S.K.: 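Sharing a structure below in structure tokens format, with a few things to ask.
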Amino acid sequence: MSGEKKAWGLGHGAWVRKEGRVSRSFLILTQAPRPRPRALVCIRAVFVCALACAVVPQTHALTLDYDPLRPTELRNCDEQRYRGRDEAAQDCYTQIFVDSHNDSLRAQAVWAMGDLAAANVLFRQYLALNPNSTLARVAWGRLFLETHQDDDALKLFREAATADATNTQAKLGMAQIFARRFEGAARGLVAEVLKQNDELVEAHLLLARMDLEEGQLEDAERSLDKAQSIADKHKQAALEVYSLRAALDLTRGGDGTKWINRALAYNAHYGNVYATLAHFETMRRRYAQAADLLRHAVRLEPGLSSAHAELGANLLRIGATGEGQRELATAYEGDPYSTTTVNSLRLLDRFNEFDDSVAPSEFPVRLRLNKKESAALRPYVEQLAQKSIATYSERYKFKPRDTVTVELYPNHDDFAVRVAGLPGIGLLGVTFGYLIAMDSPSGRATGDFHWGTTLWHEMAHVFTLEATDHRVPRWLSEGISVFEEWRTGPTPGVAVTPDVFKAYQEGRFLKVEELDSGFIRPSYPNQVQVSYMQAGLTCLFIEQHFGFDRLVAFLYEFKKETTVGAAVKAAMKVSPAEFDKEFDAFMKQRYAALLPHMDEWQHNYKAAYEAIEEKKWPAAIEAARKAVAMYGEYVGDGSPYLLLAKAYKESKQPAQALQTLLDYRHAGGWDPEALRELARDLQASGRSADAIEVLLAVNYGDPLKEESHASLGDALLAAQRPQEAMREYRTLLALDTHDKATAHLGIARALRSMGDRAQAKRSVLQALETAPSFRDAQKLLLEMTDERE
Amino acid sequence: MVVALEVGHAVTRRLLAAVAVLCAPSCAWAAGYAVIASGLGGEPEYEQRFRDDAKALQAVAEHSGEDMHVTALIGERTTRDALHRAITSVVERATAADQVIITLIGHGSFDGEEYRFNVPGPDVTASDLAVWLQPLAARQQLIVLATSSSGGALTKLQRENRIVITATKTGGERNATRFAEQWVKALTSNEADRDKNEWVTAQEAFDYAQRKVADAFKGNAALATEHARLEGTHPELIALARLGNAKAMPTDAQLNALFAERVRIETEFDTVKTRKAGLPDDRYYEELEKVLVGLARTQQKIDARQAALETKR
């Protein structure tokens with residue numbers, strides 16, 4: 001943007017009339033040579049005409065500008081707008097537009113009246129002529145911020161900050177972006193700004209917001225006190241202070257009424273007070289409550305597109321798809337710049353690509369699976385979902401009050417849009433109360449993730465959220481999910497990765513009372529992943545040190561509004577400081593063999609890897625054995641177990657190779673190819689029952705590959721488990737296997753074994769219909785015919 | 001081996017199986033010709049893979065019948081001249097009743113106009129192949145180009161009585177392909193034998209290989225960089241691989257009568273199948289059952305008779 005000399009000109013204008021009033025003006029911009037003065041006057045005349053007639057509804061949340069350097073003319077108009085006196089504000093801004101020769105000022109005037117495109121034109125024009133104006137550059141950045149174009153906004157803020165290192169507004173703009181992205185850099189910038197000038201309301205408000213998001217309520221209150229005192233001193237509107245105070249009150253168990261009333265007394269149409277409350281309820285995963293608040297917001301301020309968008313998003317989270325879609329459509333009408341709204345609407349248009357079914361059972365589960373894979377996946381997802389619900393109902397003494405919905409997305413970007421409105425997030429699954437959305441196994445490369453474990457993890461969230469009415473802290477919900485993966489999930493075994501130990505040794509583990517910040521605003525690159533593991537280990541520690549019933553009791557402390565510290569004291573009868581100390585002792589004791597020798601482990605692991613590459617099997621065995629002995633919990637990618645098994649196999653020690661793969665599986669290893677190999681080895685050793693269990697486990701990692709289903713079906717049939725065998729053969733048909741005849745024959749045998757002669761006959765005929773020369777099917781047909789005769 | 005086509009394609013398929021089992025060396029049946037060539041690998045890994053694939057296909061071809069004439073050019077032997085000579089020899093010897101299969105494995109390239117099969121020395125172009133094969137009289141021709149960019153050769157090689165299979169849909173798909181590996185697997189295991197008649201046809205092999213290649217890309221959650229194509233008619237009539245150890249069996253009048261009976265029943269089977277859409281399910285499967293039971297019993301008698309004759313031998 002800097003250095004551009006071209007100017008934008010007005011190419012075409014259209015008016016939309018609605019109920020006798022001009023409700024919106026649309027300007028289609030074309031790139032034109034720098035207009036001569038006469039053209040400029042023409043543009044201005046058009047604007048004046050338009051704006052004189054129009055009261056442009058506010059479609060974005062009313063953002064208050066606290067910049068002490070904001071021109072007085074604008075601040076006078078702002079006062080009217082903040083009070084909700086739209087017509088007076090309109091007149092005021094129009095006057096500025098007409099009278100001023102400063103395009104930056106005029107840009108901010110038309111912006112305040114809701115014409116963002118025109119504001120963009122004017123800012124660009126102004127900066128073309130005044131490239132050194134940091135004030136205008138920052139203001140333009142704020143415009144991009146309002147239209148969700150954070151990257152462009154960041155560019156402008158950085159340019160301003162480069163030109164003037166003391167520019168606090170540029171830094172605050174950047175901080176707003178980082179805060180929105182939950183990046184740790186936000187706090188640092190705000191601290192810098194406050195050091196330069198402690199009297200900036202916006203800085204204190206931003207700090208308060210971040211503290212609220214992280215559950216640091218006392219700190220938030222202090223910042224709000226400061227913000228309020230400055231606002232009062234300078235007679236600035238305190239609407240946002242009131243909104244955040246209301247949110248603080250809500251978080252503390254109140255209802256925020258006092259502060260809501262104060263905000264509405266200042267501006268009776270300030271819908272954003274409810275939208276702000278809704279934001280924090282959404283942060284706490286209380287989506288139904290957020291939706292109720294947002295309904296209030298849009299009732300007060302029907303044109304508030306951002307609230308409609310958030311309402312739509314929350315309705316989708318609680319399964320109210322129809323209403324959610326309507327709200328998003330309304331949001332789009334008012335704010336077509338929002339990519340999250342557009343993405344979400346597009347995704348909803350494609351919901352007809354999904355099958356929607358509810359399997360009746362003691363624990364009904366609604367499955368939303370893509371039609372291309374629903375027949376193949378359904379049996380496994382249903383079974384695992386129901387098993388997880390039964391397990392958690394028992395363990396956490398909570399029965400779901402609603403049907404759990406599970407959605408699997410073959411396209412990861414669709415899943416990302418479902419969750420966040422934007423493609424590209426790094427999550428595998430998300431839970432919104434009774435709704436789970438996650439990647440389908442077809443959405444990622446084989447071995448990339450274990451869909452069964454992801455479902456198990458997400459289902460635990462359903463319980464921790466619903467049992468506490470969504471009050472459970474983020475870290476504890478994640479911690480219990482990870483802990484349950486290890487304890488009861490389809491890949492049991494405490495699997496902790498090396499980077500977690502590194503973080504522990506570097507003192508990066510957080511105190512229990514601060515663990516949420518590791519998730520919400522990470523301060524180093526992999527802190528979120530480390531926090532997941534720390535949370536899981538914390539729950540493991542509670543189970544081992546205090547007992548599983550204490551973990552459950554700890555969870556239930558959050559049925560009411562409380563703090564982590566209070567809950568620790570109530571459930572574990574120790575102070576948070578003591579808890580942290582005992583957890584530290586637990587870590588040192590559990591990993592006594594590893595922690596002081598991480599370097600040695602790395603060395604052995606590397607040596608094993610290199611020996612494998614060089615085909616030096618004895619050396620590989622020696623090094624890999626040491627690595628496994630030191631760190632038996634490492635079953636991730638390239639695990640030493642797999643290196644050891646390979647080395648044993650290559651040096652013709654099949655029994656040891658088999659035992660190593662068994663150890664790998666027992667430690668939580670789940671690589672599908674490794675497990676298939678294990679199953680083949682077990683079959684070859686005559687351990688068919690064990691082979692079956694391994695192949696069943698493979699279905700929870702890699703269910704869409706044909707090869708295991710055929711051999712599993714045959715093994716189950718031989719083990720007289722025809723119902724399960726049938727499931728495998730039916731999956732083959734659902735996968736459109738090349739060899740349908742064999743699948744039909746398998747089904748025929750299973751049905752016959754179950755006594756269903758008629759259906760068995762039908763299936764064998766289907767086998768022969770495809771392959772009339774199929775000897776085995778012919779034999780079965782004749783047996784059945786001769787039986788009958 | 002190729003059998004007379006007068007009885008219709010469906011029956012032809014049946015006769016394939018019968019003849020393959022029946023035919024003694026004295027039978028005056030038509031012959032088969034296979035030319036298999038592996039090209040330049042560039043890297044040791046590819047060199048080895050192409051050689052192994054070519055050798056596997058050579059073994060398949062040699063096992064498929066006593067009247068199959070196989071020429072394999074592997075590694076450095078695969079020059080333009082050598083391939084030209086091999087093809088010319090086939091062209092000179094093959095009659096209209098014969099079956100000819102040309103398989104090229106390796107790397108290919110396409111410059112927008114011409115496809116090239118990379119070999120030591122001058123490459124073999126699609127134009128070369130088209131010209132060399134122009135005089136070929138065989139009514140059953142199959143050309144398999146299991147190389148990158150092979151789709152670029154399609155337009156030059158397509159003609160009546162010829163099936164062309166390429167590993168890529170156009171010349172623009174330039175990455176090394178996985179098709180050859182799956183094609184070999186189709187012909188060397190029983191996984192591709194969809195109708196369980198112990199023969200793998202070109203259709204079955206193509207469907208299998210195409211599917212396995214697509215699955216491999218899906219398994220990596222990757223966009224497919226190759227899309228195999230098959231152009232030409234009745235690939236189900238070209239038998240490529242005989243499974244199991246069945247060799248030409250002795251025969252007698254009784255066995256011949258049983259084979260004729262089997263062909264009759266199989267024709268009836270095909271007729272019942274064509275009526276599927278117009279019949280209620282129960283009725284259809286009732287009729288199908290009658291035919292299939294008859295077929296199964298006839299097959300039982302054939303197996304018993306063959307076993308008896310084998311014991312006598």
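The chains referred to below are lettered A, B, ... by the order of the sequence lines, with proteins before strands, and numbering in each begins at 1. Quantities reported herein were computed from a predicted structural model and do not represent experimental measurements.
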S.K.: Heavy atoms, side chains only, cut-off 4.5 Å: are Thr742(A) and Lys196(B) in contact?
M.R.: yes

S.K.: What part of Glu191(B) gets closer than 4.5 Å to chain A, counting heavy atoms only: side chain, backbone, both or neither?
M.R.: backbone

S.K.: Got more than 12 heavy atoms from elsewhere within 6.0 Å of CZ, Phe449(A)?
M.R.: yes

S.K.: Heavy-atom cut-off 4.5 Å, strictly under: side chain, backbone, both or neither for Ala192(B) against chain A?
M.R.: both

S.K.: Starting at OG of Ser773(A), measure out to CD of Gln299(B) and round the result to the nearest 0.5 Å.
M.R.: 7.0 Å

S.K.: For Ala296(B) and Gln778(A), which heavy atoms make the closest approach, and how far apart are they?
M.R.: CB-CB, 3.8 Å

S.K.: Any chance you could measure Leu295(B), atom CG, to Leu768(A), atom CG, to the nearest 0.5 Å?
M.R.: 8.0 Å

S.K.: Under the side-chain contact (heavy atoms from CB on, under 4.5 Å) criterion, do Leu292(B) and Leu765(A) qualify, and how do the steps go?
M.R.: CA-CA 8 Å; Leu292(B) 287 170; Leu765(A) 290 173; 3.8 Å; yes

S.K.: Contact part of Asp736(A) toward chain B, heavy-atom cut-off under 4.5 Å: side chain, backbone, both or neither?
M.R.: both

S.K.: Using a cut-off of 6.0 Å, state whether more than 12 heavy atoms not belonging to Arg757(A) lie near its atom CZ.
M.R.: yes

S.K.: Do you know which of Thr737(A), Asp448(A), Asp776(A) has the most heavy-atom pairs with chain B at a distance under 4.5 angstrom?
M.R.: Thr737(A)

S.K.: Any heavy-atom pair between the side chains of Val293(B) and Leu782(A) that's under 4.5 Å?
M.R.: yes

S.K.: For Lys615(A), does the NZ atom sit with more than 12 other heavy atoms under 6.0 Å from it, leaving out its own atoms?
M.R.: no

S.K.: Keeping Lys273(B) on the side-chain end and Glu769(A) on the backbone end, is there a donor-acceptor pair under 3.5 Å?
M.R.: yes

S.K.: For Arg346(A), does the CZ atom have more than 12 heavy-atom neighbours from other residues, nucleotides or ligands under 6.0 Å away?
M.R.: no

S.K.: Should we say atom NZ of Lys169(B) is surrounded by more than 12 heavy atoms from elsewhere, each under 6.0 Å from it?
M.R.: no

S.K.: So which heavy atom on Arg444(A) is nearest to which on Ala221(B), and how close?
M.R.: C-CB, 3.4 Å

S.K.: Does a side-chain heavy-atom distance below 4.5 Å link Asp282(B) with Arg762(A)?
M.R.: yes

S.K.: One thing to verify: whether Asp195(B) and Lys740(A) come together as a salt bridge, which I'm taking to mean a side-chain N less than 4.0 angstrom from a carboxylate O.
M.R.: no

S.K.: Any carboxylate oxygen within less than 4.0 angstrom of a Lys/Arg side-chain nitrogen, looking at Glu289(B) and Lys761(A)?
M.R.: yes

S.K.: Is Asp303(B) close to chain A through its backbone or its side chain, or both, or neither, when contacts mean heavy atoms under 4.5 Å?
M.R.: side chain

S.K.: Pull out the residues in residues 208-217 of chain B that come under 4.5 Å of chain A, heavy atom to heavy atom, sorted by number.
M.R.: Tyr208(B), Arg211(B), Asp215(B)

